[in-house]
Amino acid sequence: MKNDNLKIAVYICHCGGNISDVIDVKRVSQELATYPNVVIGKEYAFMCSSTGQDMVIEDIVKSGINRVVIAACSPALHEATFRGALKRAGINQYLYEHVNIREQASWVHKKDKEGATLKAIALVKAAVEKMARQDELNTIKVPTTQRVAIIGGGIAGMRAAISSAAAGLDVVLIEKQSHLGGKLKRSSAIYPTNETAASVVETLEGLIELNAKIKVFCNAKISSISGFAGNFQINFEFDEAKTEKVEAGVIIIATGFDHYKPYEGEYAYGLSNRVVTLPVFIDIMGTSAEKKLIYDGKTINRIVFVHCVGSRQIDGIDNAQDNGKVNDYCSRVCCSSALFTINKLKDKYPDVDVMDIYSDMRSYGMEHETYYENASKKDILFLRRPLEERPTITPLPDGTFSVKTVDVLTWNEELELIADMIVLVTGMIPNEITDLLEYMKIPRSSDGFIQEVHPKLRPVESANKGIYIAGTALGPMDIIETLQASNTASSKAVALLSQPEIHMDPFVAVVEEDKCSGCGLCPQECSYEGALCMRETDVNGNVKMVASVNQALCVGCGACVAVCPTRAINVAGWTLDQFDAMVEAIAKG
Amino acid sequence: MTQITNNITDVLVIGSGIAGLQSALDIGDSGYNVTIIEKSPSTGGKMISLSKVFPTLDCASCITTPKMAAVLHHPKVKTMTYTEVKAIRKISDGFEVDVEKKPRYVIEEECISCKKCEEACPVYLDDEFEYGLGVKKAISIPFTNAIPQLPVLTESKCIRCGACAKACPKDCIDFLQEPVSMTIKAKAIIAATGYEIVPMGTKKEYSGDTLLNVISSLQSERLLAPHGPYGKVLRPSDGKIPDNIAYVQCASSRDKSIDVPYCSRVCCMYAIKQAMLLAGALPLAEITIYYMDIRAFGKGYEQFYAQARAMGICFVKAKVAKISEDTEHNPILRIDRQEDGSKPQDQTHDLVILSQGILPTRKDFFGLDVALNEYGFIQSAAPTLSPALTNIDGFFVCGVARGPKDIPDTIMEAGSAAMEAVNYIKGKM
Amino acid sequence: MTIDNNKVITEQIKTMNAQKGPVSKELLEYYKETQKVQKQILETIKETQKTVPEIAAQTKIASEIVLWHLTAMKKYGKVEPILAKSGYLKYVAMHTEAKA
Amino acid sequence: MTESVRPKILIITTNHSSYPGANAVGQARLAYDSNTYILRVPDPVMFPEEFYLNAFEKGIGGIIIMSSGSDCPYEGAYPRLSARIQNVYNKMKAKNMDINRLKLTTICTVCTESFLKEVANMEQVVSK
């Protein structure tokens with residue numbers, strides 16, 4: 001269905017006055033009605049309404065319309081709506097062009113009605129020219145492997161494995177350490193449920209062991225990841241010398257986080273054994289004797305907690321990290337975790353004095369606020385420092401510490417405290433997974449954690465389709481949040497693999513083989529491994545080298561298009577011939 | 001394309017805010033049938049009424065409408081708006097849910113959303129979509145980007161002049177329309193019932209229900225929205241463009257005296273976001289945020305907070321003891337600074353926004369004995385491993401119905417609840 | 001609207017009145033008051049643009065009520081605000097045919 | 001302000017950033033002149049050098065390429081694009097054309113102010 005027998009219908013939407021108050025919609029539709037190849041030119045109050053859509057469908061069915069142009073709001077809002085209408089009318093949904101005359105015309109040219117109308121006419125003509133050169137396009141269907149590969153066997157990975165397997169998918173769980181459970185294995189009680197971490201991990205392990213659909217590989221090191229949504233291949237070594245190749249339709253990254261490790265001298269860290277991080281202190285508390293807190297051979301009577309170590313850092317005040325940047329983000333869980341721990345500490349050792357230096361207390365969870373309140377009741381001395389001030393901690397010759405800090409509640413006075421143990425409330429940092437991210441072509445956010453495709457509405461989806469992220473690989477989260485995130489990641493996996501084929505948009509590079517001269521310029525422009533290569537092909541009985549596209553890997557950027565001397569390669573739906581014609585129509589007006 | 005057969009569905013989702021929309025989409029995408037019951041005339045919940053969202057500053061409407069549209073067009077999802085759940089009964093293989101579709105007094109299949117009825121109607125009313133700041137007609141389409149685009153007649157305020165019916169080009173006004181009841185059988189239910197904000201008068205000292213220029217955070221969302229009631233940020237008492245605006249944080253959270261002892265989690269961030277938007281809309285305005293702790297704990301939030309400080313938004317650590325007003329309706333805040341230990345002082349502003357906390361919408365679940373926590377939010381039965389589970393087999397929860405949270409956290413819970421529901425149904429098959 | 005439908009509507013309204021009793025006095029009062037106030041406001045800004053306090057002073061109607069009505073009339077295209085950077089917006093009546 | 005023969009400005013926007021950015025200008029009800037025509041592309045990297053020269057030949061007054069810059073979702077596209085535009089500049093110089101008629105810039109989804117600035121600048125160039 002090339003240019004012969006074109007029957008294009010053009011509709012101009014009033015958008016209930018949003019457009020028609022500025023643009024003379026009648027004039028636009030009338031002018032277009034007589035334009036070459038256009039057989040219908042109409043305007044209507046709301047094209048997106050079911051009546052509007054029905055009108056389009058009726059015209060297609062009754063008048064044999066085979067291309068549709070609608071000028072209305074942004075395509076972001078209704079392009080899919082009208083494609084759906086074409087589909088329902090029984091014609092190819094891509095024989096449709098959406099012209100934006102609201103956000104990009106009527107709303108911005110309110111005071112220039114004539115200009116806006118002329119602009120609308122030119123834009124709609126351009127769209128008609130585009131449609132005159134539009135072929136049917138078809139959704140690309142990629143068969144899928146009904147298996148999920150999960151990288152990381154901490155609680156996030158384990159939870160995702162259990163959910164995905166329950167939904168009927170095969171699961172391969174790949175863990176670099178010798179055991180599952182990740183960081184949680186080591187810590188003791190967890191908030192808010194007060195369960196032991198070990199019990200949570202054991203429960204998950206039990207469920208995994210019982211499930212024949214889940215295969216676990218420990219001591220694994222991934223050496224390569226290739227493929228695309230529906231068909232990934234992961235190669236890894238495990239148990240020393242064994243190698244394994246796994247095919248999976250979806251990858252879930254559950255690589256977790258690392259604890260921030262203070263540098264030597266940061267709040268006296270490394271200068272004394274009795275300056276410890278919160279995770280270490282939680283371990284100490286888990287095994288310490290009753291009645292008296294003895295650590296490093298000394299009875300501990302006064303402890304100072306310092307919040308935001310390695311978090312909420314400020315350029316120019318704090319030292320940059322290895323990546324050259326400060327950790328300017330909040331680690332989310334540390335305030336609540338510190339308060340939870342302080343309460344435990346006071347319950348176990350009521351006589352230990354606790355001082356807590358913070359800037360904002362971020363005990364945001366419903367139950368977490370009670371930790372704060374309970375701690376306050378237990379005579380914890382909370383000292384609030386201004387955001388930019390840092391406490392100074394100096395080890396004293398007698399083994400105690402001098403802690404100097406500014407307290408906003410007392411006229412910003414500098415106070416000196418003496419303590420015999422310091423707990424640095426350290427935050428979370430991203431795990432070192434640079435290789436993995438490179439294999440998968442996934443970017444990091446400015447905080448170094450994995451970047452989601454949209455932080456608001458698509459928080460577990462990566463930029464690479466078919467790869468989802470569970471838990472703290474995304475950023476700091478507590479245990480419940482981690483498990484919710486991993487459940488959501490598996491929900492995406494189940495949705496993607498719910499059909500034996502994945503359906504993808506057809507806007508990828510297409511080669512007209514008879515036009516291809518085999519010059520080989522285009523693959524050099526392509527940044528996507530495997531997406532475009534030269535291949536010996538039989539073209540109309542003539543075997544020659546032509547460009548060949550792997551549609552599942554092509555992202556449709558068009559880098560190849562610009563260098564083709566014969567215009568043999570184009571992005572489907574966005575061809576150069578179409579753009580030339582559109583520019584021509586615009587220039588003519 | 002699968003059409004849902006009569007009143008039988010796999011999963012019934014109560015509520016079509018972002019939590020309900022997302023869980024319905026996830027379940028539908030996984031190949032199961034979903035029915036959404038929404039009591040309001042449009043889907044979209046609270047999110048569709050917001051201005052922009054933190055920290056991306058995406059326009060809330062622009063990112064919500066596609067979800068609303070996706071749900072509307074999803075072959076596996078059926079949405080019933082302006083429909084209330086009346087009763088839920090647990091039966092052996094799921095639930096029986098009695099619902100009642102309220103009359104719009106409009107023949108829905110006929111309506112072309114042309115708004116002629118609304119134009120013709122002579123009765124002006126407070127618009128609940130604008131949280132009282134805007135005005136609607138006794139018959140009106142709920143808001144610009146409502147889905148579905150169907151008008152609703154507020155029958156109790158109709159003067160029966162017939163103007164709407166006369167204006168309707170399709171004769172689809174029906175004053176005698178009656179509620180329609182039906183019973184839906186569902187294998188599982190997801191409660192995505194969201195939240196209400198704490199009513200403005202709750203904290204007596206703030207007189208939020210009587211002072212004209214003391215407004216709620218949701219009202220200020222509307223002031224800032226591109227399609228807001230005034231088209232510009234104005235204060236309600238006299239339409240002045242405010243140039244000295246204050247936010248009172250924890251105005252009804254972390255406060256035992258009003259039985260909201262918990263942190264509402266979103267107020268710090270929405271106040272910062274609104275302050276930034278205000279600074280953009282009113283470059284000359286002074287904007288102060290009175291706060292106790294700034295809880296910018298989500299991804300990218302701390303950086304957003306830093307950006308706000310760099311923009312010159314003034315953050316003052318202070319408790320607000322009392323709010324009154326002068327003869328010009330300028331609110332006067334009695335503030336107790338926490339930073340320099342000075343005595344309480346009075347600060348006058350043009351406009352004050354109370355960062356209202358979050359309350360659960362429901363205390364009862366339609367006859368179903370759903371366990372709630374001490375604050376009235378739905379209690380998780382397995383809070384660590386399966387937070388979406390409730391005490392009732394097959395009844396799941398997500399989003400703010402389970403406790404205050406922001407949009408990304410809500411989306412995470414929606415997906416999680418969808419996963420649990422899908423696996424629950426699968427386990428029973 | 002078709003003539004047939006005109007009858008239907010008249011019948012429907014009759015039925016409503018019979019079933020529910022007449023429209024309440026309070027509602028009718030409220031309706032008349034809003035009509036009156038809007039007319040009054042439009043009158044004051046027919047020729048010259050004015051701010052909310054100016055209209056309030058002239059009409060002796062509380063300024064928050066003036067704003068409420070201007071909001072309504074702006075939404076339904078009867079007045080237009082003139083944008084300002086600070087202080088007060090001025091409103092002017094749109095010179096279109098008044099709707100019946 | 002409707003002098004009808006104003007030179008036309010072609011604005012090339014990307015699906016990912018500047019097209020939604022142009023929408024944001026509309027959503028904020030900001031205003032710019034109507035001699036502006038927005039084309040949407042996956043990425044302007046697809047246009048060969050001749051595309052721009054042909055457009056000028058057809059009568060387009062100015063072209064603003066609003067790329068996604070460092071936010072570009074496509075690997076390697078931006079460096080390729082800017083190198084290509086450099087070549088176009090060279091060709092324009094050879095033809096004695098004002099190179100200010102072609103502008104490569106970066107516009108994000110919410111860059112409303114910069115959008116207006118770029119348009120205003122180009123208006124000045126084409127009105128000369």
Side-chain angles (χ1 to χ4, degrees), chain B residues 105 115-116 118-127 130 132-138 140 144 155-177 212-213 227-232 234-243 282-285 328-329, chain C residues 1-6 8-17 19-20 22-24 26-35 37-38 51-57 62-77 80-91 99-100:
Chain B
Y105 301 98
K115 248 180 161 177
K116 290 221 159 77
E118 182 171 342
E119 280 160 20
C121 176
V123 183
Y124 294 85
L125 302 172
D126 275 337
D127 186 353
E130 306 286 1
L133 292 182
V135 183
K136 65 168 188 180
K137 299 278 190 81
S140 50
T144 324
E155 195 268 339
S156 63
K157 302 285 178 188
C158 173
I159 58 166
R160 301 174 204 166
C161 66
C164 53
K166 285 173 197 148
C168 178
K170 297 202 74 189
D171 296 342
C172 59
I173 306 289
D174 178 4
F175 290 112
L176 302 180
Q177 221 171 44
L212 290 174
N213 291 324
H227 302 285
Y230 306 141
K232 176 130 186 124
L234 305 177
R235 66 177 196 175
S237 77
D238 59 358
K240 184 183 173 196
I241 298 170
D243 46 34
L282 309 169
L284 303 174
E328 305 290 306
H329 294 303
Chain C
M1 183 171 72
T2 53
I3 296 165
D4 275 359
N5 197 58
N6 209 349
V8 172
I9 291 305
T10 317
E11 278 309 306
Q12 285 200 345
I13 290 173
K14 246 187 225 168
T15 314
M16 268 165 84
N17 288 338
Q19 283 175 353
K20 299 177 182 173
V23 176
S24 78
E26 294 79 18
L27 181 58
L28 283 176
E29 273 309 305
Y30 167 85
Y31 160 68
K32 282 180 193 156
E33 179 68 13
T34 56
Q35 295 291 313
V37 170
Q38 292 199 1
T51 66
V52 172
E54 285 164 2
I55 301 167
S63 55
E64 69 271 20
I65 294 175
V66 171
L67 178 64
W68 191 89
H69 284 290
L70 286 170
T71 305
M73 291 191 285
K74 177 187 141 299
K75 179 169 176 182
Y76 294 102
E80 196 178 20
I82 312 293
L83 289 186
K85 284 236 160 70
S86 62
Y88 292 89
L89 308 188
K90 290 189 170 189
Y91 292 83
K99 292 244 159 69

Asker: Might you point out which heavy atoms bring B:Val135 and C:Ala72 nearest each other, and give the distance in Å?
Answerer: CG1-CB, 3.5 Å
Asker: Do the side chains of B:Glu118 and C:Tyr76 get nearer than 4.5 Å, heavy atoms only?
Answerer: yes
Asker: Do B:Ile159 and C:Tyr30 have side-chain heavy atoms sitting under 4.5 Å apart?
Answerer: no
Asker: Measure the shortest side-chain to side-chain distance between C:Lys75 and B:Glu130 over non-hydrogen atoms and say whether it is less than 4.5 angstrom.
Answerer: no
Asker: Just verifying a value: how many Å separate B:Glu155 CD and C:Met16 CE, rounded to the nearest 0.5 Å?
Answerer: 5.0 Å
Asker: Just jot down the salt bridge (Lys or Arg N to Asp or Glu O under 4.0 Å) partners of C:Glu11, sequence neighbours excluded, or say none.
Answerer: C:Lys14
Asker: Less than 4.5 Å to any heavy atom of chain B: does that hold for the side chain of C:Ala56, its backbone, both, or neither?
Answerer: neither
Asker: So, the side chain of C:Gln35 versus the backbone of B:Pro122: is there a donor-acceptor pair under 3.5 Å, distance only?
Answerer: yes
Asker: Relative to chain C, which of B:Ile173, B:Asp174, B:Val123, B:Asp127 shows the most heavy atom pairs under 4.5 Å?
Answerer: B:Asp174
Asker: Which one, C:Leu83, C:Thr71, C:Val66, C:Thr51, leads in non-hydrogen pairs under 4.5 Å with chain B?
Answerer: C:Thr71
Asker: Using salt bridge (Lys or Arg N to Asp or Glu O under 4.0 Å) as the criterion, list what pairs up with B:Lys137, not counting sequence neighbours.
Answerer: none
Asker: Minimum heavy-atom separation for B:Cys161 and C:Ile13, please, with both atom names.
Answerer: C-CD1, 4.3 Å
Asker: Most heavy-atom pairs under 4.5 angstrom with chain B, which of C:Ser86, C:Gly87, C:Pro53?
Answerer: C:Gly87
Asker: Between B:Asp243, B:Leu282, B:Leu234, who has the most heavy-atom pairs with chain C when the cutoff is under 4.5 Å?
Answerer: B:Leu234
Asker: With chain B, which of C:Leu28, C:Ile55, C:Thr10, C:Asn17 has the greatest number of heavy-atom pairs at distances under 4.5 Å?
Answerer: C:Asn17
Asker: Most heavy-atom pairs under 4.5 angstrom with chain B, which of C:Leu70, C:Thr34, C:Val52?
Answerer: C:Val52
Asker: Hey, which of C:Lys20, C:Gln19, C:His69 has the most heavy atom pairs under 4.5 Å with chain B?
Answerer: C:Lys20
Asker: Does any backbone or side-chain atom of B:Lys157 lie under 4.5 Å from a heavy atom of chain C? Answer side chain, backbone, both or neither.
Answerer: both
Asker: Nearest 0.5 angstrom please: B:Ser156 OG to C:Leu27 CG, how far?
Answerer: 8.0 Å
Asker: With heavy-atom distances below 4.5 Å as the criterion, would you say the side chains of C:Thr15 and B:Phe175 are in contact?
Answerer: no
Asker: Under a 4.5 Å heavy-atom cut-off, does chain B meet the side chain of C:Ile65, its backbone, both or neither?
Answerer: neither
Asker: Would the distance check show the side chain of C:Ser63 and the main-chain N or O of B:Ser237 forming a donor-acceptor pair, the cut-off being under 3.5 Å?
Answerer: yes
